[in-house]
Amino acid sequence: MPAPIIVTALFGRTDQGWFDGLRRQHFPPERNVLDAHCTLFHHLPPSVEAELKLRLNGLTRGVRAPDTRAGGLMSLGRGVAIRIESPGLVAIRRELIDAFAGMLTPQDAGGWRPHVTIQNKVTPATAKLLLQQMERDFRPRPVELIGLGAWWYRGGPWEMLSRHLFA
């Protein structure tokens with residue numbers, strides 16, 4: 001059944017484990033139905049499936065992964081995220097924006113703050129407390145970006161559509 005497509009960055013096992021561990025620790029358990037992720041696009045129309053796969057292959061196959069790091073913490077108001085810094089990933093997203101410009105939702109066409117959410121849907125006071133606690137020990141660190149993933153969104157946990165790995 002056709003469904004919107006989500007595009008995310010894919011992290012290496014160690015970094016994915018680190019993000020997932022933080023998410024398990026701090027995300028409300030009843031809402032934590034996804035692995036930690038960095039979303040490039042929230043809602044591409046299902047009609048772009050074939051072209052999207054082709055473009056994601058072209059952006060990753062035989063291409064070295066862009067340098068990426070967990071650069072800092074971000075307040076989400078009702079949650080906390082880790083800011084992802086990667087000029088190469090920004091360039092990839094920009095290329096996809098150009099390709100699908102007329103089909104993007106306002107959220108996807110607007111500004112982008114790459115991040116991995118580790119807490120969300122909590123009170124502002126709870127989020128502020130976690131941010132303060134994490135700021136004491138957080139140090140920027142490189143993270144391994146291994147590829148890009150496309151997912152079907154059907155209302156619950158996402159369904160893998162395709163994986164596109166860097167060289």
Side-chain angles (χ1 to χ4, degrees), residues 1-24 27 32-74 76 79-118 120 134 138-154 156-167:
M1 183 128 135
I5 299 171
I6 298 165
V7 178
T8 66
L10 299 175
F11 298 108
R13 181 172 294 167
T14 299
D15 295 310
Q16 185 66 50
W18 177 58
F19 290 134
D20 285 340
L22 288 170
R23 193 171 166 101
R24 276 191 305 276
F27 212 94
N32 193 15
V33 298
L34 299 170
D35 288 341
H37 55 277
C38 176
T39 305
L40 278 74
F41 294 95
H42 295 86
H43 190 284
L44 293 175
S47 60
V48 305
E49 176 187 356
E51 184 179 351
L52 177 65
K53 286 180 181 179
L54 187 67
R55 289 184 181 277
L56 293 177
N57 277 336
L59 290 165
T60 56
R61 185 176 293 151
V63 176
R64 193 175 138 257
D67 291 335
T68 305
R69 75 181 201 144
L73 300 169
M74 291 173 50
L76 301 176
V80 175
I82 296 175
R83 188 176 63 252
I84 300 299
E85 297 174 351
S86 177
L89 191 58
V90 170
I92 287 170
R93 185 174 184 276
R94 194 172 302 122
E95 189 169 325
L96 292 169
I97 283 175
D98 290 345
F100 298 113
M103 298 172 249
L104 299 177
T105 63
Q107 180 182 24
D108 286 337
W112 184 52
R113 300 182 311 159
H115 65 277
V116 174
T117 302
I118 59 167
N120 206 5
M134 290 188 71
F138 185 86
R139 300 290 174 267
R141 64 181 256 187
V143 293
E144 181 186 21
L145 185 64
I146 63 167
L148 302 171
W151 309 81
W152 293 116
Y153 176 70
R154 301 189 197 279
W158 303 345
E159 177 187 326
M160 177 60 76
L161 170 59
S162 60
R163 288 170 50 97
H164 308 269
L165 302 180
F166 291 108

At what distance, to the nearest 0.5 angstrom, does CG of Leu56 lie from CD1 of Ile92? 9.0 Å
Counterpart residues, side chain to side chain donor-acceptor pair (under 3.5 Å), relative to Arg64 (two or more places apart): Asp67
Compare every heavy atom of Leu145 with every heavy atom of Ala9, then report the nearest pair and how far apart it is. CB-CD1, 3.4 Å
Evaluate side chain to side chain contact (heavy atoms under 4.5 Å, CB included) for Arg163 paired with Ile146, printing each intermediate quantity in order. CA-CA 10 Å; Arg163 288 170 50 97; Ile146 63 167; 4.1 Å; yes
Flag the pair Thr8 / Phe41 as yes when at least one side-chain heavy-atom distance between them is below 4.5 Å, and no otherwise. no
Side-chain contact, heavy-atom cut-off 4.5 Å: Trp152 with Glu49? yes
Side-chain contact test, heavy atoms from C-beta onward, threshold under 4.5 Å: evaluate it for Leu148 versus Leu10 and give yes or no. no
Decide yes or no on side chain to side chain contact (heavy atoms under 4.5 Å, CB included) for Met103 and Leu44, but give the supporting numbers first. CA-CA 7 Å; Met103 298 172 249; Leu44 293 175; 5.9 Å; no
Does the side chain of Arg24 pick up a donor-acceptor pair with the side chain of Asn32 at under 3.5 Å? no
Measure the shortest side-chain to side-chain distance between Ile5 and Tyr153 over non-hydrogen atoms and say whether it is less than 4.5 angstrom. no
With heavy-atom distances below 4.5 Å as the criterion, would you say the side chains of Glu144 and Thr68 are in contact? no
Would you say that more than 12 heavy atoms from the other residues, nucleotides or ligands in this model lie under 6.0 Å from the CD of Glu95, or not? no
When you compare the side chain of Arg154 with that of Glu159, does any pair of heavy atoms fall below 4.5 Å? yes
For the OG1 atom of Thr60 and the NE2 atom of His164, what is their distance to the nearest 0.5 Å? 6.5 Å
Let me see the working for Glu85 and Arg83 under salt bridge (charged side-chain N to carboxylate O under 4.0 Å, His left out), right down to the final yes or no. CA-CA 6 Å; Glu85 297 174 351; Arg83 188 176 63 252; 3.1 Å; yes
Please give me the minimum heavy-atom distance between Pro140 and Arg69, naming the atom from each residue. CB-NH1, 3.4 Å
Validation row: Leu96, Arg55 side chains within 4.5 angstrom (heavy atoms): yes
Side-chain heavy atoms of Val143 within contact of Thr14, under 4.5 Å: no
Return the set of residues passing ring pair (Phe, Tyr, Trp, His ring centres under 6.0 Å) with Phe27 (not counting sequence neighbours), or none when no residue passes. none
Backbone N/O of Thr39 and side chain of Trp112: donor-acceptor pair under 3.5 Å: yes
N/O donor-acceptor pair under 3.5 Å between Ser86 side chain and Ile84 backbone: no
For Gly71 versus Phe138, what's the shortest heavy-atom pair and its separation? C-CE2, 3.9 Å
Determine, for Trp18 and Arg141, whether the Lys NZ or Arg CZ falls below 6.0 Å from the six-membered ring centre while staying within 45 degrees of the axis. yes
How many angstroms lie between atom SG of Cys38 and atom CZ of Phe11, to the nearest 0.5 angstrom? 5.0 Å
Could you tell me the separation between the NE2 atom of His115 and the CG atom of Leu73, rounded to the nearest 0.5 Å? 12.5 Å
Quick one: does Thr105's side chain have a donor or acceptor within less than 3.5 Å of a partner on Asp108's backbone? yes
Donor-acceptor pair, side chain of Arg23 and main chain of Thr117, under 3.5 angstrom: yes
Between Asp20 (side chain) and Ala36 (backbone), is there a donor-acceptor pair under 3.5 Å? yes
For Gly62 versus Ala167, what's the shortest heavy-atom pair and its separation? C-CB, 3.6 Å
Between His37 and Trp158, does the ring centroid distance fall short of 6.0 Å? yes
